[in-house]
Colleague: 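Can you keep this structure in mind? I'll have questions shortly.
Note that ligands are numbered from 1 as they come in the structure, with each ligand's atoms numbered from 1 the same way. These numbers come from a predicted model, not from an experiment.
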Amino acid sequence: MSARLIDGTAIAQGIRAEVTEQVSGLRARGVVPGLAVVLVGQDPASEIYVRMKGKACLDAGMHSETVVLPAETTEEGLLAVIDRLNADPAIHGILCQLPVPPHIHAEKILFRIDPRKDVDGFHPLNVGKVVLGDPTGFRPATPYGVQQILIRSAIETRGAHVVIVGRSNLVGKPLSNMLSRPGPGGDATVTIAHSRTRDLPALCRTADILVAAMGKAEFIGVDAIQPGATVIDVGTTRVADASRPKGFRLAGDIAFEPVREVAGAITPVPGGVGPMTIAMLLVNTVQAATLAAASR
Ligand code: NAP
């Protein structure tokens with residue numbers, strides 16, 4: 001039997017409609033949520049993401065500022081841009097698109113962003129708040145999006161065994177924390193797997209919910225799936241494909257076609273977790289603007 005296809009694009013559209021309503025409520029109170037996105041250099045994939053983020057802001061009625069800097073920008077120069085945005089009252093959220101060129105220390109930049117404007121949730125203060133369950137902390141957009149997919153697709157996390165393959169600060173670690181916390185979209189028993197995990201397929205087969213966040217195209221096959229399990233594919237890898245106009249296609253970490261025959265529900269790539277990431281970034285920006293307005 002074929003799995004239920006989870007439509008991340010539709011879920012994200014619903015969230016973006018909610019955000020648009022919240023933005024008009026804030027605008028009525030004289031607050032226009034503003035997001036600044038900083039891009040250093042000319043990475044083609046980053047350019048696409050930055051354009052999409054700017055457009056999503058404008059579509060929701062938010063203020064958007066995109067700062068594009070040349071690849072030769074010094075660390076000091078980039079820090080000065082962050083300082084300016086930190087001080088700008090029209091900007092409630094700041095993110096620096098990663099990766100930055102190798103001569104710039106990404107951590108130094110991310111840690112310079114005012115934690116109240118850190119809508120990516122990478123600043124240690126927000127990491128700590130999320131671990132402690134403080135609702136004023138910003139949850140990183142991708143794991144936040146995964147949790148919302150589960151909640152909005154009525155997939156029960158309470159008591160479920162979730163296996164997350166990947167232990168990055170960006171996805172795996174924060175997701176494990178969010179899903180194991182008490183409350184809606186939480187209360188799961190979470191296991192994190194990584195490249196040193198023994199017998200990954202056997203572990204994955206114990207998962208009621210399997211989240212793959214590895215960046216290894218179609219690595220996880222049907223031998224790793226418990227029949228009826230929910231499978232969430234975070235991975236996005238460009239795979240050469242001469243039949244596509246761009247010469248590549250986007251592949252997830254899951255071998256989609258065989259796995260969908262066994263799983264209970266599955267997210268596609270593209271059209272699964274990807275659109276949720278941008279939607280949750282908007283949610284975080286509205287949260288930042290709301291908190292800023294409350295502290296005026
Ligand atoms: P990352 O920092 O490279 O982490 C990858 C993780 O996968 C690591 O923990 C690594 O283990 C683990 N891993 C790699 N090979 C493995 C193997 N053979 N067996 C078990 N574990 C293995 O990547 P990331 O930043 O978390 O991103 C993961 C994927 O998600 C990428 O494809 C990225 O493009 C995608 N992504 C998508 C979105 C979106 O919006 N859709 C957002 C963010 C990321 P070790 O720690 O042991 O090396």
Side-chain angles (χ1 to χ4, degrees), residues 6-13 15-16 37 43-53 55-56 95-100 106-107 110 119-122 127 138-150 162-179 190-207 210-221 223-225 231-240 248-256 266-284:
I6 298 176
D7 185 347
T9 306
I11 299 171
Q13 267 167 5
I15 293 173
R16 285 170 66 165
V37 180
D43 177 61
S46 293
E47 282 173 346
I48 294 170
Y49 291 136
V50 166
R51 253 201 316 277
M52 284 164 67
K53 287 169 185 174
K55 182 176 179 308
L95 70 87
C96 183
Q97 187 69 39
L98 299 177
V100 287
E107 275 197 354
L110 300 179
V119 286
D120 256 344
F122 294 159
V127 175
F138 294 108
R139 286 159 272 194
T142 301
Y144 196 4
V146 170
Q147 188 184 41
Q148 285 297 312
I149 281 182
L150 295 172
V162 180
V163 174
I164 302 170
V165 189
R167 57 177 164 183
S168 71
N169 290 335
L170 187 67
V171 188
K173 264 195 250 171
L175 183 61
S176 72
N177 186 262
M178 288 179 203
L179 297 183
V190 181
T191 304
I192 303 190
H194 44 77
S195 66
R196 301 285 179 262
T197 297
R198 274 199 305 260
D199 199 352
L200 186 67
L203 175 69
C204 292
R205 277 196 306 276
T206 67
L210 176 66
V211 182
M214 310 162 69
K216 298 261 184 242
E218 291 155 10
F219 187 90
I220 293 188
D223 61 326
I225 309 298
V231 179
I232 308 288
D233 195 349
V234 182
T236 46
T237 306
R238 284 185 177 191
V239 176
F248 68 87
R249 67 184 169 89
L250 274 192
D253 292 341
I254 304 288
F256 183 81
I266 188 167
T267 59
V269 176
V273 175
M276 293 297 291
T277 297
I278 291 190
M280 301 325 292
L281 179 66
L282 300 183
V283 168
N284 281 350

Colleague: Is there a heavy atom of G172 sitting under 4.0 angstrom from any atom of ligand 1?
Modeller: no
Colleague: What's the shortest distance from atom 3 (O) of ligand 1 to any protein heavy atom, and which residue and atom give it?
Modeller: M214 O, 4.4 Å
Colleague: Looking at side-chain heavy atoms only, is the closest gap between T191 and T197 below 4.5 Å?
Modeller: no
Colleague: Name the option, out of V273, D253, T236, that contains the heavy atom nearest to atom 32 (O) of ligand 1.
Modeller: T236
Colleague: Check ligand 1 against G274 and write out every atom of the ligand that is under 4.0 Å from a heavy-atom position of the residue.
Modeller: 40 (O), 41 (N)
Colleague: Is there a nitrogen or oxygen of S195 sitting under 3.5 Å from a nitrogen or oxygen of ligand 1?
Modeller: yes
Colleague: Are the side chains of T277 and Y49 in contact, using a 4.5 Å heavy-atom criterion?
Modeller: no
Colleague: At under 4.0 Å between heavy atoms, which part of M276 makes contact with ligand 1: side chain, backbone, both or neither?
Modeller: neither
Colleague: Quick one: look up the protein heavy atom nearest atom 12 (C) of ligand 1 and list residue, atom name and how far away it is.
Modeller: G166 CA, 4.0 Å
Colleague: State the atoms of ligand 1, each with its element, that fall below the 4.0 Å cut-off from a heavy-atom position in F219.
Modeller: 18 (N)
Colleague: Ignoring hydrogens and angles, tell me if any N or O in the side chain of D253 forms a donor-acceptor pair with the backbone of G215 under 3.5 Å.
Modeller: yes
Colleague: Given 3.5 Å as the limit, does a donor-acceptor pair link the side chain of T267 with the main chain of D233, or not?
Modeller: yes
Colleague: Which ligand 1 atoms, with their elements, are less than 4.0 angstrom from a heavy-atom of A213?
Modeller: 5 (C), 6 (C), 7 (O), 28 (C)
Colleague: To the nearest 0.1 Å, how far is atom 14 (C) of ligand 1 from its closest protein heavy atom, and which atom is that?
Modeller: K216 CE, 4.0 Å
Colleague: Between I225 and I220, does the side chain to side chain contact (heavy atoms under 4.5 Å, CB included) criterion hold? Intermediate values first, please.
Modeller: CA-CA 8 Å; I225 309 298; I220 293 188; 4.3 Å; yes
Colleague: Using a 4.0 Å cut-off to any heavy atom of T142, which atoms of ligand 1 qualify?
Modeller: 40 (O), 42 (C), 43 (C)
Colleague: For atom 2 (O) of ligand 1, which of the options A217, S168, P275 provides the nearest non-hydrogen atom?
Modeller: S168
Colleague: At a 4.0 Å threshold, what atoms of ligand 1 neighbour a non-hydrogen atom of T277?
Modeller: 39 (C), 40 (O)
Colleague: Out of I232, I266, V231, which one pairs with I6 under the side-chain contact (heavy atoms from CB on, under 4.5 Å) rule?
Modeller: I232
Colleague: Could you work out, for atom 30 (O) of ligand 1, the closest of L98, I164, V234 by heavy-atom distance?
Modeller: V234
Colleague: Give the atom numbers and elements of ligand 1 that come within less than 4.0 Å of a heavy atom of L170.
Modeller: 25 (O), 43 (C)
Colleague: Assess whether side chain to side chain contact (heavy atoms under 4.5 Å, CB included) is satisfied between E218 and I254, documenting all intermediate values.
Modeller: CA-CA 4 Å; E218 291 155 10; I254 304 288; over 6 Å; no
Colleague: Nearest to atom 27 (O) of ligand 1 by heavy atom, V171, L203, L250, N169: which?
Modeller: V171
Colleague: Kindly give the heavy-atom pair with the smallest separation between R167 and K173, and that separation in Å.
Modeller: O-CE, 3.4 Å
Colleague: Among all protein heavy atoms, pick the one closest to atom 31 (C) of ligand 1 and tell me residue, atom and distance.
Modeller: G215 CA, 3.6 Å
Colleague: Which pair of non-hydrogen atoms, one from G121 and one from V127, has the smallest distance, and what is that distance?
Modeller: O-CG2, 3.8 Å
Colleague: Number the atoms of ligand 1 from 1 as they appear, then name those within less than 4.0 Å of a heavy atom of V165, with their elements.
Modeller: 20 (C), 21 (N)
Colleague: Please indicate whether any nitrogen or oxygen in R167 is less than 3.5 Å from any nitrogen or oxygen in ligand 1.
Modeller: yes
